[in-house]
Amino acid sequence: MAEVAGGTLSLRWIVLTWVTIYIMTTEAVDRSNFKTCEQSAFCKRQRNVKPENSPYRALLNSLEVTEKSIKLQLINEVNKVPLLLEVYGLQGNMTRIKINELNPLKPRYEVQDVLVQDPPTVPLTVMGKDEGSVELGFGNGLYKLIITSRPFRMDIMTGNELLLSINSRGLMVFEHLRKRKDSEEKKEENVQSEEMKEATKAGEEETAQGDQPEGKDSQKESEEKEDEAGMWEETFKTHTDSKPSGPSSVGLDFSLPGFEHVYGIPEHADNLKLKTTDGGDPYRLYNLDVFQYEIFNPMALYGAIPVMLAHNVRRTLGIFWLNAAETWVDISSNTAGKTLFGKMLDYMQGANEIPQTDVRWISESGIIDVFVLLGPSPFDVFRQYTSLTGTQALPPLFAIAYHQCRWNYNDEEDVRNVDAGFDEHDIPYDVIWLDIEHTDGKRYFTWDSNKFPNPKDMLQNLDSKKRKMVSIVDPHIKIDSGYRIHNAIQSRNFYIKTKDGSDYEGWCWPGSAGYPDFTNPEMRSWWASMFAYDQYEGSMDNLYTWNDMNEPSVFNGPEVTMHKDAVHFGGWEHRDVHNLYAFYVQMATADGQIQRSGGTERPFVLARGFFAGSQRYGAVWTGDNSAEWDHLKVSLPMCLSLGLAGVSFCGADVGGFFKHPSPELLVRWYQAGAYQPFFRAHAHLDTPRREPWLFGEENKQLIRTVIRERYTLLPFWYTFFYRAYRTGEPVMRPMWVEFPGDVDTFSLDEQYMLGNALLIRPVTEQDARGVQVYMPGKGQFWYDVRSHQRYTGPQMLYVPVTISTIPVYQRGGTIVPRKERVRRSSSCMQSDPYTLYVALNAQNAADGDLFVDDGHTFNFEKRREYIHRKFTFANNSLTSRSADPNGHYNTAAWIERVLVLGARRPSSVVIKLSDGSESSLDFEHNAETSVLTIRKPAVNVGADWTLYIR
Amino acid sequence: MRFHLMFLLLGPALSVAGEVKRPRGVSPSNQQFYDETKPFTCFDGSKTIPLDRVNDDYCDCKDASDEPGTSACPNGHFHCGNTGFKASYISSSRVNDGICDCCDATDEYNSGTGCENTCRELGKKERGILLKMTEVAKEGLKVKQQLIEKASKIKEEKKKKLDELRELKSLIENKMKVLKTAKEKAELPENEAKEKHQQAWKELTRAKQEGARAVVAFNELDKNGDGFVSVVEIQAHSELDGDEDDIFSEMEAQVILGGSSKIDLEYFQDLVWRNIKNEYKTEVSVGKPSESKTDTNYENMPDYDEETQALIVAAEDARDQFITVESSLQDTKDAIRNLEKELSMDFGQNDEFAYMFGKCYEVTNEYVYRLCPFEKIIQKLKQGGSETNLGTWHSWAGPEGNKYSAMKYDGGRACWQGPNRSTTVKLSCGKETVVTSCTEPSRCDYLMEMQTPAVCKEPQELAIEHDEL
């Protein structure tokens with residue numbers, strides 16, 4: 001749930017009157033509530049700088065080589081402000097470039113807590129130096145970084161190939177902190193005007209002293225060209241940003257020769273392949289609660305991850321811009337306007353121009369801190385990025401099963417009935433959710449005593465079916481002296497402050513609310529302690545948490561968020577840390593869940609806002625979407641982009657949050673959602689009920705079938721989440737990640753890969769009779785998972801579809817583990833046997849792996865209690881061996897069946913165990929589909945064995 | 001590692017020699033299909049397998065018949081004997097899933113879950129509940145019977161009443177005709193007499209006014225105030241010049257004065273004024289109150305004469321009689337319409353719901369909800385205030401075959417940005433008529449529960465098998 005909406009009862013009325021009037025009168029987003037670059041003073045200033053000779057010069061004589069980095073001064077030839085450039089070589093083919101003022105007036109904000117550690121460095125060696133440039137080598141001499149003095153630019157090369165250039169277009173702008181030149185006079189004026197106000201209030205009729213501030217100002221401005229409008233104060237709609245530090249923005253350009261495809265920088269409701277932004281607004285990164293967002297545009301949404309990937313057939317690169325302030329990203333390309341024919345012509349004529357993508361990053365404050373991730377493969381970039389910001393937390397198994405949510409399940413009886421409904425209709429589910437109405441007047445950590453008088457009984461009842469519950473805990477706290485949480489935060493002085501030092505107050509669900517300062521580690525630690533069972537009354541170990549509105553959402557704030565001049569821990573302005581707030585909220589909440597179990601249980605926290613590193617704390621979803629076909633469609637690229645940026649645990653509200661989906665749309669959304677990492681149905685308060693059995697028997701069966709399909713694939717999902725946890729590779733990934741050399745995959749965002757094995761092409765079109773599926777790979781086999789029919793790539797296949805069709809193909813050469821005994825919740829399936837689906841490639845080979853642990857504790861990490869098996873099919877035999885000898889775990893789960901797709905009829909199948917004993921197994925072979933089904937190997941899943949197919 | 005084979009082979013029934021051998025999860029009626037002397041054939045005939053593959057925790061038959069006692073088949077069913085309670089089938093997916101489903105605990109034989117046999121307890125409880133339900137149903141049924149009888153009587157009465165009313169209506173209509181004629185007959189002389197009287201008064205008033213105007217005109221004309229109007233004085237009023245020659249001669253003026261050179265007031269009033277009154281322009285400014293008043297003043301009209309008054313009284317009497325009968329016709333028509341509507345309403349198979357019509361029932365939780373069956377449902381705050389319409393009577397809304405188990409009310413007050421409010425009322429058997437709850441499961445979509453004897457049914461055979469075999 002989230003944004004303001006329905007015509008609810010009186011409690012919500014006050015909030016509604018505030019917001020509805022100006023937000024809710026239209027159907028879709030009211031764009032005028034959100035800034036364009038033109039309306040954001042620093043973006044406008046920076047964007048007005050056109051490519052030309054950069055005023056920056058590197059002072060090569062200042063070069064200082066230390067163990068960890070090299071340091072060099074830069075100077076702005078115009079204003080003579082010196083900057084400090086630091087370059088680091090990082091382990092794993094990365095380099096870090098930091099630029100800050102050499103002597104800033106006061107410290108500039110550097111992002112905290114996002115990097116998992118101080119990135120380990122490798123030595124940089126000075127390979128050569130002349131008066132115009134210096135050449136640094138790193139990565140065993142594989143890479144060179146050349147710094148040119150005048151104008152300042154940097155180029156990263158490997159061999160003779162130029163990979164990336166920095167400031168090559170001369171767009172770097174580093175606004176130094178400065179004293180306001182008219183600050184003395186201003187102060188006086190301010191004092192005077194304050195006095196005047198006071199005087200007027202007191203009813204005295206004193207007149208001003210003949211001073212005319214306006215005239216004076218304009219005079220000053222003409223004297224000081226540097227002083228543009230919006231530098232010291234900026235007003236948007238009714239909100240004025242006081243900007244006490246004045247201009248402080250930073251901007252830098254990057255050129256990527258040879259690249260035509262760039263991806264990432266979530267969150268935008270847009271295509272996977274980023275578009276050029278010439279003539280329009282740049283992509284914006286600024287965490288915002290956007291009511292009824294529009295799709296296919298670069299507007300900012302709830303989360304921001306400033307990492308971009310560039311890819312071509314030979315190489316993948318990444319740029320990670322570590323800055324938590326409002327950020328805009330411009331993209332342009334020298335091939336953007338060209339037609340396919342034009343490109344062909346270029347090619348025929350000998351490629352007179354190398355395609356190139358240019359990127360420009362602009363942030364409102366902080367410093368320039370960039371990581372260049374040099375790949376070269378997509379998986380190298382994933383490893384590089386997640387070595388910096390951490391990998392996806394391994395979710396508890398239940399969290400990747402099916403979630404049933406609605407704003408709101410009204411009371412304990414409602415919960416009981418819905419829970420019973422799933423059993424009655426034999427549809428599995430793991431988690432039922434409670435939105436804001438479950439609380440006592442939107443006071444989080446409490447229960448509405450009329451509707452939820454006995455939460456523990458309710459949780460106990462769910463637990464008896466091994467099911468869980470999630471309750472919402474938002475980071476805005478009702479200002480109410482009778483509310484324990486508020487009193488505690490206030491008395492500890494943990495609220496964010498206004499520029500004047502009082503507790504910041506904004507309007508949100510509860511009415512007037514305070515916003516705890518999650519950037520304060522003490523605050524986070526206190527917050528975490530509130531999840532202890534004796535603190536959060538009525539909670540139990542099967543109750544987990546949902547952090548909504550954590551952008552933060554402030555209904556009456558500028559752009560529905562917090563004033564930028566609000567003050568955080570350490571005196572930092574909200575401007576500096578805005579995009580980090582959501583990250584910290586989820587961090588503290590996840591910590592709380594870990595702590596309440598004494599550190600044994602894995603947390604589950606869903607958040608709407610996020611930043612780089614949020615993957616360490618749980619799941620995110622795409623916010624308040626709508627029950628429209630295009631919103632279903634856009635959920636794919638939105639989650640794919642997040643996956644590229646480290647966040648694998650992503651999903652969209654199944655059915656669409658706003659509005660009422662047709663049964664067809666609902667069914668199609670379930671079919672798509674079942675193949676997305678976070679699988680939760682959710683609906684707005686004002687929509688009719690949507691439990692799967694409310695749409696007739698046929699639709700119920702369609703939905704039931706696909707939820708059950710999800711449950712059979714949980715071992716596969718879980719294994720790939722484990723891989724995401726280990727290596728940072730996304731679970732749900734763009735086609736090009738698996739087929740990096742096939743340009744035809746580079747712009748695909750209607751189909752994608754789950755892990756390396758399953759190609760998914762959900763039907764996202766109304767009344768679809770058929771869809772196009774691109775099957776890449778020369779000689780690559782693809783098997784329809786239902787019919788087992790085999791196709792050979794590369795080909796564009798037209799697949800006729802009915803309402804029950806979900807085009808899913810298993811890639812030849814992979815082995816997918818399933819559990820085919822679907823039960824009412826995933827925990828019930830813990831010890832159930834596995835079926836292995838071996839899909840042979842053209843060489844009659846395949847491999848795959850399987851991760852097994854207890855599904856909910858940290859024992860896999862702390863005690864290495866897990867099984868990681870590697871299955872290999874080659875030479876007509878299937879072998880199971882340990883993929884990781886460090887792991888050990890006892891489970892009763894066993895292998896009940898093996899299906900070999902694309903197999904010939906054998907004469908015998910024999911299994912050989914590790915003790916050398918052999919026994920023959922029954923099998924069936926379907927000549928029509930070439931599927932060999934091997935009956936009951938009946939070996940424990942942790943055992944070593946080989947199946948011989950003769 | 002293939003421990004499962006041994007462990008799961010067959011149910012406990014096979015473990016004791018000499019007893020009837022029934023594989024785990026099989027109902028007594030299906031036992032015959034599992035002959036221990038023969039290989040097993042799937043129920044659908046698709047396959048025949050060795051008997052030791054029955055319940056070996058691997059699904060061989062597509063119809064799941066080879067695995068009645070395990071979770072191996074996705075579409076299988078496990079039979080819980082549940083001695084002491086009701087035997088039942090559960091889905092195979094619930095066998096050994098760690099959750100106790102069969103009250104005799106037979107479904108969790110290998111999950112390590114310590115399930116207790118709760119069948120006797122459940123059976124007792126269930127019997128208690130059923131007994132109570134039976135009791136309620138019986139009593140409710142008695143009440144229902146009474147309601148039906150009463151409704152039937154009332155309906156008969158109402159039908160009779162309707163017939164009477166219809167008869168009455170035609171009587172009234174006839175009488176009305178007669179009275180209408182009488183009324184018209186009495187009104188004719190009344191009107192004539194009144195007219196005459198009024199006309200006379202009108203004449204009188206007008207004459208009086210003319211006289212007064214003549215005096216005014218005479219005095220105006222008589223400029224020198226000598227009591228006579230002279231030729232010269234006439235000539236001063238050029239509008240009195242009869243021809244169009246612009247010259248108002250002495251001769252012409254004298255003609256107006258009837259040939260005299262001057263005349264007095266009496267002569268002027270009697271002979272001259274009526275000839276010139278249309279042309280004469282008064283010198284008094286227009287709009288003076290005395291001038292414009294030409295209407296007859298009925299206030300001052302003398303009373304009707306006795307004869308006329310007698311006629312009026314007679315006519316009034318006729319009118320009163322007519323109006324009284326006319327309104328009684330309207331009342332009768334209304335009564336007929338209401339009765340027709342009521343009689344045409346669907347009050348259930350035997351009009352068992354008829355008693356609710358015209359009554360209202362309330363339940364209070366956060367709000368007060370009031371159901372007036374076959375009319376509407378409203379919601380209001382406990383402390384009063386305005387009412388919100390949650391729907392007006394639409395139709396019976398129970399499922400096919402049981403349509404009288406639910407009522408639908410719709411078209412209530414529109415929700416903000418949403419649909420009109422509507423309510424479903426679910427009816428269950430109770431001794432008394434009472435609304436037990438009202439909730440809002442989906443926004444603006446209300447659910448009300450009501451107990452009424454009207455839906456009570458003959459209790460089924462409620463006895464539970466005490467022992468299943």
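Here is the naming used below: chain letters follow the sequence lines, and residue numbers restart at 1 for every chain. Small disclaimer: the values here were computed from a predicted structure and weren't measured.
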Pair A/Arg821 + A/Glu896, salt bridge at N-O below 4.0 Å: yes

Winner by heavy-atom pair count (cut-off under 4.5 Å) against chain A, out of B/Ala72, B/Gly98, B/Ser91: B/Ala72

Max heavy-atom pair count under 4.5 Å with chain A, selected residue of B/Asp445, B/Thr439, B/Asn365, B/Asp97: B/Asp97

Which portion of B/Ser111 sits near chain A, non-hydrogen atoms under 4.5 angstrom: neither

Under 4.5 Å from any heavy atom of chain A - which part of B/Asp101: side chain

Flag for A/Ser880-A/Arg869: side-chain donor and acceptor within less than 3.5 Å: yes

Pair A/Asp430-A/Tyr711, side-chain donor/acceptor within less than 3.5 Å: yes

Residue part contacting chain B, namely of [X], when any heavy atom lies under 4.5 Å:
X: A/Thr687; value: backbone
X: A/Arg935; value: both
X: A/Thr712; value: neither
X: A/Asp423; value: both
X: A/Arg823; value: both
X: A/Glu413; value: neither

Straight-line distance of B/Asp56 CG to B/Glu67 CD, nearest 0.5 Å: 5.0 Å

From CG (B/Leu371) to CD (B/Glu449), nearest 0.5 Å: 12.5 Å

Sidechain-backbone polar pair: B/Asp104 side chain, B/Asn82 backbone, donor-acceptor under 3.5 Å: yes

Salt bridge (charged side-chain N to carboxylate O under 4.0 Å, His left out) between B/Asp107 and B/Arg94, worked out: CA-CA 7 Å; B/Asp107 59 318; B/Arg94 294 180 187 178; over 6 Å; no

